[in-house]
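Positions are given from 1, in the same order as the sequence printed here. What's counted below: heavy atoms across the whole structure, side chains too, no hydrogens, waters or symmetry copies.
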Amino acid sequence: MAENIGFFFLAKGLSVSWASPSKERLERLAKKAERLRRRFQRVDGTEKPGGADFLQFPFKPQSAYQLCIEASHEDLAHKRKLLGHLDELVGDSTLLVTTSSSILPEKIHPRCLGCHFFYPLELSPAVELISGAGHGREKINNLA
């Protein structure tokens, strides 16, 4: 899921950073991002895809992030650890989001929102944002 979401944003010209403990996965993502860039170059002569970073854990932020989307396996302890690590690296204004469909966002992290994309991303303008127990409502309202 994280791949599809990331490549969707990249194709829209936004900068995307993928983070993983797996060097092999990051190398595969880098090759796929390069193929996307070459495809845009071939089709319309543009360099449309945004910048892509491939960060291996542990990492230090390369820039100020506006949005961090967590899309790891459905394990509460893992998600808590990951979002806690990200929270230490990014500013308070960074939106922390999980794609979890079985764990409430506030169980993962106090600043976390839930987010579900509808497939195919390219054809569906809908995104579901979930805030629980009052967490993040002001951020959702500011996004509208």
Quick one: does [X]'s side chain get under 4.5 Å of [Y]'s, heavy atoms only?
X: F7; Y: L29; result: yes
X: D92; Y: R111; result: yes
X: K31; Y: R35; result: yes
X: W18; Y: L55; result: no
X: V127; Y: C115; result: yes
X: K79; Y: K107; result: no

Exercise: identify the closest heavy-atom pair between [X] and [Y]:
X: V90; Y: C68; value: CG1-SG, 4.0 Å
X: A52; Y: L10; value: CB-CD1, 4.1 Å
X: S72; Y: H78; value: OG-CD2, 3.2 Å
X: T98; Y: C112; value: CG2-SG, 3.6 Å

With rounding to the nearest 0.5 angstrom, report the [atom1] to [atom2] distance, [X] to [Y].
X: F54; Y: S20; atom1: CZ; atom2: OG; answer: 11.5 Å
X: S100; Y: I130; atom1: OG; atom2: CD1; answer: 9.0 Å
X: D87; Y: L96; atom1: CG; atom2: CG; answer: 5.5 Å

Go through the steps to decide whether E70 and V97 satisfy the test side chain to side chain contact (heavy atoms under 4.5 Å, CB included), and finish with yes or no. CA-CA 6 Å; E70 174 277 319; V97 175; over 6 Å; no
Contacts of type salt bridge (Lys or Arg N to Asp or Glu O under 4.0 Å), residue R28, not counting sequence neighbours: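 With sequence neighbours excluded, R28 shows a salt bridge (Lys or Arg N to Asp or Glu O under 4.0 Å) to E3, given in chain and number order.
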Q) How would you list, by chain and number, every residue that makes a salt bridge (Lys or Arg N to Asp or Glu O under 4.0 Å) with E34, sequence neighbours excluded? A)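 Result, salt bridge (Lys or Arg N to Asp or Glu O under 4.0 Å) vs E34: R37, R38.
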Q | Polar contact flag, side-chain donor to acceptor under 3.5 angstrom, T94-Q66 | A |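 T94 vs Q66: no donor-acceptor pair found between side chains.
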Apply side chain to side chain contact (heavy atoms under 4.5 Å, CB included) to I5 and T99, showing your working.
-> CA-CA 10 Å; I5 295 166; T99 60; 4.1 Å; yes
Those residues at least two apart in sequence (or on a different chain) that pass ring pair (Phe, Tyr, Trp, His ring centres under 6.0 Å) with H116 are none
Exercise for the section: For F118 and E128, run side chain to side chain contact (heavy atoms under 4.5 Å, CB included): C-alpha distance rounded to whole Å, both residues' side-chain angles, the deciding distance at 0.1 Å, then the answer. Expected result: CA-CA 8 Å; F118 295 90; E128 176 185 39; 4.0 Å; yes
_Taking D75's backbone N and O only, do any of them form a donor-acceptor pair with H73's side chain (distance below 3.5 Å, no angle check)?_
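The answer is no, because no donor-acceptor pair under 3.5 Å joins these two groups.
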Note to self: Go through it in stages, so that I can follow the logic: the residues are L76 and I108, the test is side chain to side chain contact (heavy atoms under 4.5 Å, CB included), and I'd like the CA-CA distance, side-chain angles, deciding distance and then a yes or no.
What the structure shows: CA-CA 7 Å; L76 180 58; I108 298 170; 4.0 Å; yes
task = On the 0 to 90° scale, with breaks at 30° and 60°, tag the F117-F9 ring pair as parallel, tilted or perpendicular.
result =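 Taking F9 first and then F117, their aromatic rings stand perpendicular (interplane angle over 60°).
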Hydrophobic cluster membership, L104 vs I69, 4.5 Å side-chain cutoff:
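No, no single cluster joins them.
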